[in-house]
Amino acid sequence: AAYFHISMDTINWLSLVYLLISIPFGLVATWVLDSMGLKCAVILSAWLNMVGSIVRAFSVVRFLNLGALTHAYLFMGQCLCALAQPLVIFSPTKLAALWFPDHQRATANMISSMSNPLGILVANLLSPALVSEEKDIPLMLGVYTIPAVTACVLATVGVREKIPPTPPSASATHSTSQPFFTGLKMLVRNKSYVILMVSFGAGIGMFTCFSALLEQILCVMGYSNFFAGLNGALFTVFGLLGAFLLGLYVDKTRAFTEATKVSFCLTALASIAFAVMSRFRNQTVPLALTSSLFGFFGFSVYPVAMELAVECSYPVGEGTSTGLVFVSGQIQGAVLMLLLQALTVPTTAAPFSTCDTAEGGALDWTISTLVLAGVCSFVACFYVIFFHTDYKRLRAEAASAASINTTGAEATIPEA
């Protein structure tokens with residue numbers, strides 16, 4: 001804020017543009033994926049991210065003498081990067097469906113889905129190392145253009161085929177069998193899918209709020225920014241581990257529904273434990289443990305839930321079925337963020353607070369954290385009780401395989 005001579009509220013908009021842009025553009029991204037294909041979506045997202053990173057870096061190049069346009073370049077670059085986000089996040093299920101057989105799809109989806117939080121973790125660890133004072137901000141923005149340019153070159157040169165020469169599964173042949181708007185109508189009328197979209201959209205929203213508000217929740221009880229960052233890192237690292245293990249398990253067992261229900265319930269328990277422990281001082285080990293468990297069980301649900309969204313909505317395109325879940329999560333995340341902030345109460349009885357007094361001082365987050373835990377518990381119960389579905393894609397693949405085997409057997413029967 002000091003470097004660009006703007007307020008913290010304005011700086012916060014650099015994060016909010018990702019949330020706001022992804023909601024309307026998320027629908028466009030689903031259409032691009034299911035109508036124009038995975039190759040087009042990947043290359044388009046890579047170019048948007050590269051151009052956005054370069055434009056953003058221009059805002060700190062002194063010899064350009066942008067003057068009043070400095071802020072415009074900063075926000076324009078951020079908006080272009082935000083446009084690329086839905087295309088990237090919606091791609092894993094499409095990639096898994098088109099390029100991997102059924103016994104590898106959940107793992108492939110997990111690896112590609114978790115690359116996004118892994119990148120965020122690396123950026124969160126790298127930024128403090130690059131920026132020790134204000135004058136280092138141009139260095140940070142310059143460094144962050146390197147992976148964007150590299151990814152754009154790799155996508156443009158390396159992604160040559162829309163689909164593999166030989167489809168890895170029967171469903172891959174019909175990955176976009178339903179027109180986009182027809183698919184939307186089918187999803188809205190699909191009770192199981194609507195329950196899944198609302199439930200896991202709420203989960204995405206809760207995780208967005210947890211990540212964004214963690215430091216503010218902990219500082220009032222005297223926990224340092226470093227400890228809050230450590231909890232955020234543990235949340236992500238153990239989430240990646242949980243997603244990896246659950247992806248392998250589901251690929252072998254096909255227990256999509258059971259895995260998500262158990263993980264969702266354990267996530268709710270972890271959220272309750274965090275809500276309670278965060279209201280006490282000197283609970284570093286319990287808080288680190290609950291943050292780890294919250295990430296381990298919560299993150300693990302995400303890639304499996306994306307696969308389950310495809311299973312219960314087949315033959316709707318993968319981009320559409322997973323994209324709407326993410327858009328639902330962004331909408332619910334925005335609403336929940338506003339609600340949790342509205343429920344905070346300014347407090348003067350916080351002698352151990354490490355909160356930044358220049359940004360409003362200490363806030364009592366007791367009600368907010370309990371509401372977050374309550375919402376998580378309610379959604380988990382709602383999902384466990386009401387969600388039931390057939391695995392339509394797996395069933396269609398099994399029927400196709402049986403048909404092929406029958407036809408082959410008939411062809412080998414000699415004539416009498």
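Just so you know, these numbers use all the heavy atoms, side chains as well, and skip hydrogens, waters and symmetry mates.
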A.B. asks: Look at the side chain of Tyr144 and the backbone N and O of Ala123, then say whether any donor-acceptor pair between them is shorter than 3.5 Å.
C.D. replies: yes
A.B. asks: Taking Tyr391 for the side chain and Thr257 for the main chain, is one N or O donor matched with an acceptor at less than 3.5 Å?
C.D. replies: yes
A.B. asks: Please check: side-chain N/O of Asp364 versus main-chain N/O of Thr344, any donor-acceptor pairing under 3.5 Å?
C.D. replies: no
A.B. asks: Tell me, do Met110 and Phe244 make a side-chain contact under 4.5 Å, heavy atoms counted?
C.D. replies: yes
A.B. asks: Using only atom types and a distance under 3.5 Å, with no angle test, would you say the side chain of Asn109 pairs donor to acceptor with the backbone of Val304?
C.D. replies: no
A.B. asks: Asn49 and Ala148: which non-hydrogen atoms are nearest, and at how many Å?
C.D. replies: ND2-CB, 3.9 Å
A.B. asks: Looking only at non-hydrogen atoms, find the nearest pair between Gly239 and Phe299 and report the distance.
C.D. replies: CA-CB, 3.3 Å
A.B. asks: Going from CD1 on Ile111 to CD on Gln104, what distance comes out if it is rounded to the nearest 0.5 angstrom?
C.D. replies: 9.5 Å
A.B. asks: Under 4.5 Å between any side-chain heavy atoms of Val345 and Thr366, yes or no?
C.D. replies: no
A.B. asks: Given 3.5 Å as the limit, does a donor-acceptor pair link the side chain of Ser35 with the main chain of Val32, or not?
C.D. replies: no
A.B. asks: Can you tell if the side chain of Val384 reaches within under 4.5 Å of the side chain of Cys265, non-hydrogen atoms only?
C.D. replies: yes
A.B. asks: Set out, in order, the CA-CA distance, both residues' side-chain angles and the distance that settles side chain to side chain contact (heavy atoms under 4.5 Å, CB included) for Leu118 and Leu240, then state yes or no.
C.D. replies: CA-CA 8 Å; Leu118 179 61; Leu240 295 172; 3.7 Å; yes
A.B. asks: To the nearest 0.5 Å, what is the distance between CG on Leu98 and CZ on Phe100?
C.D. replies: 10.5 Å
A.B. asks: Could you pull out the closest heavy-atom pair between Ser300 and Leu246, with the gap in Å?
C.D. replies: O-CD2, 3.3 Å
A.B. asks: Answer yes or no: is there a side-chain heavy-atom contact under 4.5 Å between Thr156 and Cys152?
C.D. replies: yes
A.B. asks: Applying ring-ring contact (aromatic ring centres under 6.0 Å, His included), name anything that partners Phe227, two or more places apart in sequence or on another chain.
C.D. replies: Tyr223
A.B. asks: Looking at Leu234 and Ala288, what are the two nearest heavy atoms and their distance?
C.D. replies: CD1-CB, 3.7 Å
A.B. asks: Got a second to check how far Ser59's OG is from Ile54's CD1, nearest 0.5 Å?
C.D. replies: 12.5 Å
A.B. asks: Do any N or O atoms from the side chain of Lys39 and from the backbone of Ala155 form a donor-acceptor pair under 3.5 angstrom?
C.D. replies: no
A.B. asks: Looking at Val316, is its backbone amide N or carbonyl O close enough to the side chain of Thr320 to form a donor-acceptor pair, meaning the two atoms are under 3.5 Å apart?
C.D. replies: no
A.B. asks: Could you list the residues that satisfy ring-ring contact (aromatic ring centres under 6.0 Å, His included) with Phe386, not counting sequence neighbours?
C.D. replies: Phe382
A.B. asks: Is there a side chain to side chain contact (heavy atoms under 4.5 Å, CB included) between Asn190 and Lys392? Walk through the geometry before answering.
C.D. replies: CA-CA 12 Å; Asn190 187 329; Lys392 298 178 182 179; 3.5 Å; yes
A.B. asks: Given side chain to side chain contact (heavy atoms under 4.5 Å, CB included), test Ser53 with Cys81 step by step and report yes or no.
C.D. replies: CA-CA 7 Å; Ser53 298; Cys81 292; 3.9 Å; yes
A.B. asks: Whether the Thr107 and Asp251 side chains hold a donor-acceptor pair (N or O, under 3.5 Å, no angle test) is what I'd like checked.
C.D. replies: yes
A.B. asks: Parallel, tilted or perpendicular: which describes the rings of Phe235 and Phe294, with under 30° parallel and over 60° perpendicular?
C.D. replies: tilted
A.B. asks: Would you give me the side-chain donor-acceptor pairs under 3.5 Å for residues 269-281, sequence neighbours excluded?
C.D. replies:
unit_1	atom_1	unit_2	atom_2	d
Ser271	OG	Ala268	O	2.6
Ser278	OG	Phe274	O	3.0
Ser278	OG	Ala275	O	3.2
Arg279	NH2	Ile217	O	3.0
Arg281	NE	Met221	O	3.4

A.B. asks: Give, for atom CG of Leu48 and atom SG of Cys79, the distance between the pair rounded to the nearest 0.5 Å.
C.D. replies: 11.5 Å
A.B. asks: Flag the pair Arg395 and Asp390 as a salt bridge only when some basic side-chain nitrogen lies within less than 4.0 angstrom of an acidic carboxylate oxygen.
C.D. replies: yes
A.B. asks: Other residues, nucleotides and ligands only: do more than 12 of their heavy atoms fall within 6.0 Å of CZ on Phe256?
C.D. replies: yes
A.B. asks: Taking C-beta and beyond as the side chain, do Val51 and Val55 meet within less than 4.5 Å on heavy atoms?
C.D. replies: yes
A.B. asks: Evaluate side chain to side chain contact (heavy atoms under 4.5 Å, CB included) for Trp31 paired with Leu27, printing each intermediate quantity in order.
C.D. replies: CA-CA 6 Å; Trp31 176 82; Leu27 297 176; over 6 Å; no
A.B. asks: Flag the pair Val88 / Val42 as yes when at least one side-chain heavy-atom distance between them is below 4.5 Å, and no otherwise.
C.D. replies: no
A.B. asks: Is the side chain of Ser45 donor-acceptor paired with the backbone N or O of Ala84 at a distance under 3.5 Å, no angle test?
C.D. replies: no
A.B. asks: Under 3.5 Å, is there a donor on one side chain and an acceptor on the other for Trp365 and Thr369?
C.D. replies: no
A.B. asks: Closest heavy-atom contact between Pro86 and Ala82?
C.D. replies: CD-O, 3.2 Å
A.B. asks: Residues in side-chain hydrogen bond (donor to acceptor under 3.5 Å, both in side chains) with Gln85, at least two apart?
C.D. replies: none
A.B. asks: Which donor-acceptor pairs under 3.5 Å do the side chains of residues 193-209 make with protein atoms, sequence neighbours left out?
C.D. replies:
unit_1	atom_1	unit_2	atom_2	d
Tyr193	OH	Ser321	O	2.4
Ser199	OG	Ile195	O	2.8
Thr208	OG1	Ile204	O	2.9

A.B. asks: Rounded at 0.5 Å granularity, tell me how far CD in Glu215 sits from OG in Ser224.
C.D. replies: 9.0 Å
A.B. asks: Got a sec: does the CG of Leu245 have more than 12 other heavy atoms crowding it under 6.0 Å?
C.D. replies: yes
A.B. asks: Look at the side chain of Ser263 and the backbone N and O of Thr260, then say whether any donor-acceptor pair between them is shorter than 3.5 Å.
C.D. replies: no
A.B. asks: Using every non-hydrogen atom in the two residues, find where Leu340 and Ser368 come nearest and quote the distance to one decimal.
C.D. replies: O-OG, 2.6 Å
A.B. asks: Are Glu307 and Arg393 close enough for a salt bridge, meaning some N to O gap below 4.0 Å?
C.D. replies: yes
A.B. asks: Are side-chain heavy atoms of Leu241 and Phe296 found at a separation under 4.5 Å?
C.D. replies: yes
A.B. asks: Report yes or no: do Glu318 and Thr322 form a side-chain donor-acceptor pair below 3.5 Å?
C.D. replies: no
A.B. asks: Looking at residues at least two apart in the chain, or sitting in another chain, which of them share a side-chain hydrogen bond (donor to acceptor under 3.5 Å, both in side chains) with Gln216?
C.D. replies: none
A.B. asks: So, Thr253 side chain and Tyr249 main chain: donor-acceptor pair closer than 3.5 Å or not?
C.D. replies: yes
A.B. asks: For a 4.5 angstrom cut-off between non-hydrogen side-chain atoms, does Ile137 reach Leu130?
C.D. replies: no
A.B. asks: Could you measure the distance from the CG atom of Leu20 to the CD atom of Gln330? Nearest 0.5 Å is fine.
C.D. replies: 9.5 Å
